[in-house]
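A short worksheet on the structure shown next.
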Amino acid sequence: MKQVAIVMGSVSDWPTMQASATILNELQIPFSKHVISAHRMPAQLQDFGQQAVTRGIDIIIAGAGGAAHLPGMLAANTVRPVIGVPIESHALHGLDSLLSIVQMPAGVPVATMAIGVAGAKNAALQAASMLALQDDQLQQRLLDYRAAQTQKAIESEAQLD
Ligand code: RP5
């Protein structure tokens, strides 16, 4: 079963969204990957959102750039949680993407992460936290991930020559 779906508006978003995939792999969370453009594939977007529950998708991570309608429109078509990742666009460095995704009017939420790779990483970690609510083994892997991160930060001080 694919617990998480990583959806992006364009294949050009993959270098960013790959960071989500890397962390999901590390935490042994099954996921699928999809390119669904909100403005180029509106019918496919609607189908994907409406079929998320029956396809066994628990959480959708949606990355998009520019006038980024993908996360909000997916959220409008499903009650599964949608985590939005604003892609760092060329023209406005992702501020356009961020505001498009984060400013959802009341009624349909999108949990919006930071712009770019940091957001893609955190989207996977956020999904892991949510899935860990009902998965003790995943919770332990998440705790181990945090512990390793802490240890790495502590050891980084040695680089200050
Ligand atoms: C959005 O437009 C995508 O999410 C991407 O970030 C941006 C540019 O897409 P391409 O023109 O590179 O396909 O839909």
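Just so it is clear, the values below take in all heavy atoms, side chains as well, and ignore hydrogens, waters and symmetry mates. Order of appearance sets the numbers: ligands from 1, and atoms from 1 within every ligand. Just so it is clear, the structure is predicted and the values come from calculations on it, not from any experiment.
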Return all side-chain donor-acceptor pairs below 3.5 angstrom for residues 142-151, not counting sequence neighbours, or 'none' if the list is empty.
| residue | atom | partner | partner atom | Å |
| --- | --- | --- | --- | --- |
| Asp144 | OD1 | Gln140 | NE2 | 3.0 |
| Thr150 | OG1 | Arg146 | O | 3.0 |
| Gln151 | NE2 | Glu155 | OE2 | 3.0 |

Where do [X] and [Y] come nearest, in terms of heavy atoms and distance?
{"X": "Gly66", "Y": "Ser89", "answer": "N-CB, 4.3 Å"}
{"X": "Ile61", "Y": "Val4", "answer": "CD1-CG1, 3.9 Å"}
{"X": "Met8", "Y": "Leu70", "answer": "C-CD2, 3.6 Å"}
{"X": "Ile115", "Y": "Leu95", "answer": "CD1-N, 4.0 Å"}

Set of residues that line ligand 1, where lining means a heavy atom lies under 4.0 Å from it: Gly9, Ser10, Ser12, Asp13, His39, Arg40, Ala64, Gly65
Pro86: which of Leu99, Asp96, Ile101 passes side-chain contact (heavy atoms from CB on, under 4.5 Å): Ile101
